[in-house]
Amino acid sequence: MAEAAKTSDWDSPTLARHATGEALSAITRGMYADHLNGLVTKGEPKNAPKVSSATPMQDPTTVMISDCGDSAHWLKYRKDNGKLADDKPGGRQAITAEVRKLNGAWKVARFAVEAVGSC
């Protein structure tokens, strides 16, 4: 997602390699909106994800991930003039994700990103 966000490439095949279902739909919708609004994302998010649960315990097929991501250096900019899209700073945000093993590949199926300052 971070790579595709650099150009708001909502149709990037890379997205479907790492996400599915609700997660893929949310990501592509968000990037499509950014594309239509002339926005791109610059910088890199900082993440340190940790597995919070795995089901079943033996040979898991679903894993819950939690993180306190930092978006302070991963912000939206206007494509036409390179200026920040808004005056909202990024920051630390609680992130949870459900990751499923599908046909041998792990993909994010659902996720939630809370407000800046949530962790």
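These numbers were taken from a predicted model, which means no experiment stands behind them. These values consider heavy atoms only, across backbone and side chains, with no hydrogens, waters or symmetry-generated copies.
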For Thr14 and His18 the tightest heavy-atom approach is O-CD2, 3.1 Å
Smallest heavy-atom separation, Trp74 atom then Ala2 atom, equals CZ2-CA, 3.8 Å
Given side chains that start at C-beta, do those of Pro56 and Thr61 come closer than 4.5 Å, heavy atoms only?
yes
Next item on the list: Please step through side-chain contact (heavy atoms from CB on, under 4.5 Å) for the pair Asp86 and Lys76, ending with a clear verdict.
Entry: CA-CA 8 Å; Asp86 57 40; Lys76 293 185 188 291; 5.8 Å; no
Of all heavy-atom pairs linking Glu114 and Ser118, the shortest is CB-OG, 3.2 Å
**Message:** Within the structure provided, determine whether Ile65 and Phe111 are in side-chain contact (heavy-atom separation under 4.5 Å).
**Reply:** no
Separation between CZ (Arg100) and CE (Met64), nearest 0.5 Å, reads 9.5 Å
### Query
Is there a donor in the side chain of Gln93 and an acceptor in the side chain of Ser71, or the other way round, less than 3.5 Å apart?
yes
* Do the non-hydrogen side-chain atoms of Arg78 and Leu39 ever get within less than 4.5 Å of each other? -> yes
For the residue pair Trp10 and His35, categorise the inter-ring angle as parallel (less than 30°), tilted (30 to 60°) or perpendicular (more than 60°). tilted
In terms of heavy-atom contacts, Asp34 and Ser8 come closest through CB-OG, 3.5 Å
Is atom NZ of Lys107 surrounded by more than 12 heavy atoms (other residues, nucleotides or ligands) closer than 6.0 Å? yes
Subject >> Close side-chain approach of Ile95 to Asn47, heavy-atom, < 4.5 Å >> reply: yes
Separation between OG1 (Thr20) and CG (Asn103), nearest 0.5 Å, reads 9.5 Å
Just wondering, do Met31 and Leu15 contact through their side chains at under 4.5 Å, heavy atoms? yes
So OG1 of Thr41 and CE of Met1: to nearest 0.5 Å the spacing works out to 7.5 Å
Can you tell if the side chain of Thr55 reaches within under 4.5 Å of the side chain of Pro60, non-hydrogen atoms only?
no
Going through the checks in order, is the side-chain contact (heavy atoms from CB on, under 4.5 Å) test met by Tyr77 and Leu75? CA-CA 7 Å; Tyr77 289 80; Leu75 303 172; 4.0 Å; yes
In terms of heavy-atom contacts, Val108 and Ala97 come closest through CG1-CB, 4.3 Å
Is it true that Asp67 and Lys50 have a side-chain N and a carboxylate O under 4.0 angstrom from each other?
no
**OP:** Would you sort out whether Glu44 and Lys46 count as a salt bridge (Lys or Arg N to Asp or Glu O under 4.0 Å), showing the intermediate values?
**Re:** CA-CA 6 Å; Glu44 295 290 332; Lys46 290 188 181 179; over 6 Å; no
Taking Leu24 as the starting point, is it possible to reach Leu102 by hopping between hydrophobic residues whose side chains are less than 4.5 Å apart? no
(Q) Could you tell me if the side chain of Val63 sits less than 4.5 Å from the side chain of Trp106, heavy atoms only? (A) yes
Interatomic distance, CG@Asp9 vs OG1@Thr28, rounded to 0.5 Å, equals 11.0 Å
